[in-house]
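All remarks here apply to the structure that follows.
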Amino acid sequence: MATQSVLTPQADDFPRWYQDVVAKAEMADNGPVRGTMVIRPYGWAIWERMQAAMDERIKGAGAQNAYFPLFIPLSYFQREAEHVEGFSPELAIVTHAGGEELAEPIVVRPTSETVIGEYMAKWVQSYRDLPLLLNQWSNVVRWELRPRLFLRSSEFLWQEGHTAHASYDDANAYANKIHLEVYNDFLENVLAAPTYLGIKPASERFAGAINSITAEGMMRDGKALQMATTHELGQNFARAFDIYFQSEAGQAELCHTTSWGASTRMVGGLIMLHGDDQGLVVPPRLAPIQAVVIAVRDEPEVNDACEKVAASLKSAGVRVQVDRGRGSFGRRVTDWEIKGVPLRVEVGPRDLKEGVVTLVRRDNADKAAFSLDAVASVALDLLDVIQSAMFEGAKQRLADATSDVLTIDEALEATETGFARLKWSAVGESGEATLKARAVTVRCLQRPDGSMPANDREAELDCIVAKSY
RNA sequence: CGGGGCGUAGCGCAGCUUGGUUAGCGCGCCUGGUUUGGGACCAGGAGGUCCCGGGUUCGAAUCCCGGCGCCCCGACCA
């Protein structure tokens with residue numbers, strides 16, 4: 001029988017394809033309240049592995065995990081002018097509790113700079129207390145106008161790091177360290193996601209920040225997605241929350257703070273960055289299930305062989321699952337393809353007669369037979385090969401779909417299908433407005449060699465512009 | 001908040017224009033059987049406040065009035 005597509009093809013309707021994948025890969029469902037999300041076990045397993053990989057790197061960068069309350073007094077937000085202005089439209093505010101109207105409304109946190117700032121002020125007394133490096137894993141709420149599963153839900157999960165430093169230089173260095181050693185390292189080596197690293201123009205900065213650093217990935221439809229972001233808050237929040245320390249010279253000085261986050265949006269990024277018309281494609285290092293062993297027929301010898309193959313894979317350190325019996329072979333293959341499991345091991349009577357099993361790569365559908373003894377070591381090699389092939393493939397797509405242009409008009413044309421790169425001086429504030437009228441924004445500023453600028457006042461900067469999620 | 005569209009079984013939809021018996025179809029689900037090397041097939045079966053309220057009528061999923069909800073495109077945004 002012919003292979004027909006189970007999902008809406010990407011080329012027909014990309015957003016529809018995305019929704020199909022989320023539903024059919026059993027990642028998530030819409031929650032009962034508009035914009036909320038139920039994360040199903042398979043989606044959660046992927047998020048858990050993202051969390052683990054990032055948490056390890058966060059701790060490696062010296063930050064400690066802590067937890068701050070979900071509820072924040074409204075007055076905290078009002079202490080930083082830009083912050084309250086930026087977040088007011090999307091706050092969820094509790095006005096009643098215990099059957100009575102509250103004396104002061106309580107905000108359900110959209111982010112925790114304010115409440116953490118309040119406690120940093122308490123905990124920081126001396127330069128010896130610095131730097132103070134905190135991170136928390138939490139849920140936050142932002143009342144979004146147009147929610148989409150994973151990409152923009154009213155409630156989402158994330159980590160938010162918050163640090164306080166004695167000097168601008170120390171804060172700046174730490175922000176860069178986080179961005180490179182936590183986010184970029186995770187993105188490249190686990191998620192197989194190449195991005196453009198750069199800083200946001202003033203118009204796109206976090207509310208209250210003096211500088212926002214970003215990692216901009218390109219989805220399969222050519223649109224941009226901010227995968228992670230790091231903010232230098234300067235002394236704005238330190239001033240608003242009285243985060244002072246006594247210096248070595250005995251002077252009272254204001255701290256410099258940073259904040260940085262990555263969220264469940266990254267799951268959406270995973271789907272749209274690597275997914276194809278057959279469904280999700282999960283990079284091996286991230287995959288909760290790296291290999292699925294499929295019994296072609298529900299027969300005792302085949303099932304025995306499946307268990308043996310699975311056992312050898314497991315002892316080699318492969319995250320493996322056995323699938324036998326429950327329906328037609330074709331159906332099961334399709335189901336695992338939709339879930340994006342990197343490696344499929346097909347075990348059937350025909351192969352077994354020759355003492356082999358068939359290994360199939362999810363990323364390129366390559367198929368080959370290997371002896372039972374060799375399966376574990378071949379699989380380990382293949383998982384590595386798939387991991388780097390996915391990264392290289394994504395890198396190539398990013399490069400191919402980025403056009404170097406000279407003018408705003410050329411940029412508008414190029415961003416119909418991908419990214420455009422041009423001189424920041426060729427854009428400016430009026431250029432930004434022209435672009436924005438066509439739903440194109442400046443994703444980040446970079447030095448001409450692609451490295452990250454210290455700030456947007458550097459001369460000779462390039463900008464990457466694109467439509468975005 | 002501006003512009004479009006839609007509410008009928010778990011999901012996707014038809015029926016409405018021109019009111020008329022027990023409201024249909026596909027997928028999914030349940031039972032039994034045959035199957036299983038790329039979404040299997042046969043037989044039987046379960047499942048509905050036709051978004052809500054009011055009105056017209058002998059009779060409303062269908063016509064009228066009012067409400068609510070959702071989706072898509074923009075502005076906001078991790």
Side-chain angles (χ1 to χ4, degrees), chain A residues 1-8 13 15-16 19-20 23-24 29-30 32-35 85-91 109-112 138-161 183 200 203-207 212 214-217 224-231 259-269 278-279 294-299 302-303 323-338 344 346-354 356-358 360 365 367 369 433 436-441 467-469:
Chain A
M1 58 209 71
T3 304
Q4 65 179 61
S5 66
V6 180
L7 308 167
T8 306
D13 185 346
R16 184 76 185 260
Q19 290 180 331
D20 284 356
K24 297 210 166 149
D29 255 336
N30 281 303
V33 172
R34 182 187 153 75
E85 193 189 328
F87 278 102
S88 284
E90 46 189 295
L91 294 181
R109 66 177 162 221
T111 181
S112 304
S138 70
N139 58 341
V140 288
V141 169
R142 299 182 186 179
W143 218 253
E144 298 293 350
L145 299 171
R146 275 188 59 204
R148 279 184 83 183
L149 288 173
F150 290 115
L151 297 173
R152 198 171 39 229
S153 44
S154 299
E155 177 192 7
F156 59 89
L157 306 181
W158 74 348
Q159 59 69 218
E160 48 177 324
Y183 295 140
K200 289 289 184 186
S203 60
E204 301 281 328
R205 240 179 241 152
F206 176 77
S212 289
T214 182
E216 298 287 325
L225 184 73
Q226 178 174 304
M227 305 292 276
T229 180
T230 304
H231 310 293
S259 69
W260 26 281
S263 71
T264 37
R265 166 177 273 194
M266 205 131 47
V267 178
Q278 277 64 53
I294 303 184
V296 173
R297 286 163 180 270
D298 189 11
E299 296 171 2
V302 173
N303 288 334
D323 177 9
R324 43 187 250 199
R326 57 158 187 106
S328 78
F329 174 72
R331 176 51 179 259
R332 289 179 288 146
V333 165
T334 309
D335 284 349
W336 290 113
E337 272 180 350
I338 293 172
R344 213 161 65 229
E346 300 178 357
V347 181
R350 220 159 62 200
D351 282 350
L352 282 182
K353 265 180 203 152
E354 298 167 31
V356 299
V357 295
T358 302
V360 190
K367 208 180 265 205
K436 201 149 193 177
R438 297 270 297 275
V440 174
T441 50
K467 293 186 177 174
S468 73
Y469 281 94

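All values below come from the heavy atoms of this structure, side chains included, with hydrogens, waters and symmetry mates left out. Letters go in sequence order (proteins before strands), and every chain restarts at 1.
Here Pro15(A) lies out of heavy-atom contact (under 4.0 Å) with every strand. Nucleic acid contact class of Ser153(A) (heavy atoms, under 4.0 Å, all strands): base. If you check every strand for non-hydrogen atoms under 4.0 Å, Thr358(A) touches a base. Within the 4.0 angstrom heavy-atom criterion, base atoms lie near Gly348(A). Within 4.0 Å of Glu204(A), counting heavy atoms only, lies no atom of the nucleic acid at all.
The pair Glu216(A)-Lys200(A) counts as a salt bridge, with a side-chain nitrogen and a carboxylate oxygen less than 4.0 angstrom apart.
Looking at the side chain of Thr229(A), the nearest of the listed nucleotides rG37(B), rU36(B), rA78(B) is rA78(B). The side chain of Val296(A) lies closest to rG37(B), out of rC72(B), rG37(B), rG38(B). Set against rG37(B), rG28(B), rC77(B), the side chain of Pro349(A) has rG37(B) as its closest nucleotide. Residue Ala439(A) places its side chain closer to rA75(B) than to any other of rC77(B), rG38(B), rA75(B). Counting only heavy atoms from C-beta on, Arg297(A) has its side chain closest to rU36(B) among rC77(B), rG28(B), rU36(B). If you check rC76(B), rG37(B), rU36(B) against the side chain of Arg350(A), the one that comes closest is rG37(B). Distances were taken from every side-chain heavy atom of Glu90(A) (C-beta onward) to each of rG38(B), rC76(B), rA40(B); the shortest belongs to rC76(B).
Toward the 5' end of RNA chain B, the nearer of the two residues Phe150(A) and Lys24(A), judged by each one's closest nucleotide, is Lys24(A). Between Tyr469(A) and Glu337(A), it is Glu337(A) whose nearest contact on RNA chain B lies nearer the 5' terminus.
An aromatic stacking contact links Phe156(A) with the base of rA78(B), defined here by ring centres under 5.5 Å apart and ring planes under 30° from parallel.
A donor-acceptor pair is defined here as one N or O able to donate and one able to accept, closer than 3.5 Å; such a pair exists between the side chain of Arg332(A) and the backbone of Ala295(A). Using modelled atom types, one side-chain atom of Ser212(A) and one backbone atom of Phe206(A) make a donor-acceptor pair closer than 3.5 Å. With hydrogens and angles ignored, the 3.5 Å screen pairs no side-chain donor or acceptor of Glu144(A) with any backbone N or O of Glu90(A).
Under 3.5 Å, the side chain of Arg344(A) and the base of rG38(B) form at least one donor-acceptor pair of N or O atoms. Between the side chain of Ser328(A) and the base of rA40(B) there is no donor-acceptor pair of N/O atoms closer than 3.5 Å.
For Glu299(A), the side-chain contact (heavy atoms from CB on, under 4.5 Å) criterion is met by Arg297(A), Glu301(A), Val302(A), Pro349(A), not counting sequence neighbours. With sequence neighbours left out, the ring-ring contact (aromatic ring centres under 6.0 Å, His included) criterion links Trp336(A) to no other residue.
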Test side-chain contact (heavy atoms from CB on, under 4.5 Å) applied to Asp20(A) and Ile338(A), step by step: CA-CA 10 Å; Asp20(A) 284 356; Ile338(A) 293 172; over 6 Å; no
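One can place CG of Leu7(A) at 19 Å from P of rC11(B), the figure rounded to the nearest angstrom. As rounded to whole Å, 4 Å separates atom C1' of rC77(B) from atom CD of Glu144(A).
Spacing between rG12(B) and rG28(B) at atom P, rounded to whole Å, works out to 15 Å.
The side-chain heavy atoms of Thr334(A) and Gln278(A), taken from C-beta on, include no pair separated by under 4.5 Å.
Between Gln159(A) and the phosphate of rA78(B), there is no side-chain N or O to OP1/OP2 separation shorter than 4.0 Å.
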Per-nucleotide pairing state of RNA chain B [Watson-Crick or G-U, under 3.5 Å; [ ] pseudoknot-crossing; | other strand]: (((((((..((((......[...)))).((((((.....)))))).....(((((..]....))))))))))))....
